[in-house]
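Worksheet: the structure to be examined is printed underneath.
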Amino acid sequence: MKIRFIIILICVSVLFSCSVNNVDNTSNNQITITQWNLINTSGGFAGVNDNFEIGDIIWVFNELTGSLTVINKNTDDMLQDGLDSGNYSYIFSENDSNLFLTVNDSIEFGLLTISEDTETFTLNQNVTLAGIAADGFIYTFEKMVIIID
């Protein structure tokens, strides 16, 4: 049990070690910002497969305040793009060594899976704390690191 907890803790730390509100003052006085760009949404009852350009939909996690900032520039209402622009509270829940994301204390986005290289993560609404579903969406995010001088 302790090993599972340590693995989950390491995964969460790696995923959210950098965010827009995490300031890394290096000797060059640079600030490093990590943004997560929604690049694809798939699944759902109709079997959607929507691709997005980098910068269209950005999620930024602030682990210090437990807030999620979403910048959603998508104007096509036919595309499944997750959350609207705004600030949301978030929490992670653990169940059987799996991580689940919940937004605003009530919107469970599902199973969070981090890629081995930590450059992407997915949110799978087909796997939730309540059980398995067949008509949820799978959101795929890609990491973008920005360095500001």
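FYI, the numbering just counts along the sequence from 1.
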If you compare all heavy atoms of Q125 against all heavy atoms of A133, which two are closest, and at what distance to 0.1 Å? O-CB, 4.3 Å
Please report the interatomic distance OG1(T75) to CG(D77), rounded to the nearest 0.5 Å. 8.0 Å
Residues F52, L79; criterion side chain to side chain contact (heavy atoms under 4.5 Å, CB included); working and verdict: CA-CA 9 Å; F52 300 95; L79 299 178; 3.9 Å; yes
Point-to-point distance, once rounded to the nearest 0.5 Å, from CD1 of I91 to CG of D105: 6.0 Å
Same cluster or not: are I107 and I138 linked, directly or through other Ile, Leu, Val, Met, Phe, Trp or Tyr residues, by side-chain heavy atoms under 4.5 angstrom apart? no
Is the backbone of S106 close enough, under 3.5 Å, to the side chain of N104 for a donor and an acceptor to pair up by distance? no
If I take atom CD from residue E53 and atom CD1 from residue I39, how far apart are they, to the nearest 0.5 angstrom? 10.5 Å
Is there a side-chain contact between I31 and I147, using heavy atoms and a 4.5 Å cut-off? no
Of all heavy-atom pairs between D81 and Y139, which one has the smallest distance, and what is that distance? C-CE2, 4.3 Å
Roughly how far apart are K143 NZ and I54 CD1, rounded to 0.5 Å? 13.5 Å
Close side-chain approach of L101 to F92, heavy-atom, < 4.5 Å: yes
Drop me the distance from E108's CD to L123's CG, to the nearest 0.5 angstrom. 10.0 Å
If the test is side-chain hydrogen bond (donor to acceptor under 3.5 Å, both in side chains), which one of D50, T140, N49 qualifies with N40? N49
Quick one: do L111 and Y90 end up in the same hydrophobic cluster if we chain Ile, Leu, Val, Met, Phe, Trp and Tyr together by side-chain heavy atoms under 4.5 Å apart? no
Centroid separation F109 to W59 less than 6.0 Å: yes
Main-chain N/O of S115 paired with T120 side-chain donor or acceptor, under 3.5 Å: no
Linking I/L/V/M/F/W/Y whenever any side-chain heavy atoms sit under 4.5 Å apart, do L68 and I114 land together? yes
4.5 Å side-chain heavy-atom contact, E142 and W36: no
So, does N72 use its side chain to make a donor-acceptor pair with the main chain of L83 at under 3.5 Å? yes
Would you say F137 ends up clustered with F100 if hydrophobic residues are merged whenever their side chains have heavy atoms under 4.5 Å apart, either directly or through other cluster members? no
Could you check T69, I71, V60, V145 and say which one makes a side-chain contact (heavy atoms from CB on, under 4.5 Å) with Q35? V60
Whether the N124 and N126 side chains hold a donor-acceptor pair (N or O, under 3.5 Å, no angle test) is what I'd like checked. yes
With rounding to the nearest 0.5 angstrom, report the OG1 to CD1 distance, T34 to I58. 12.0 Å
In terms of hydrophobic clusters joined by side-chain contacts under 4.5 Å, are L112 and F141 together? yes
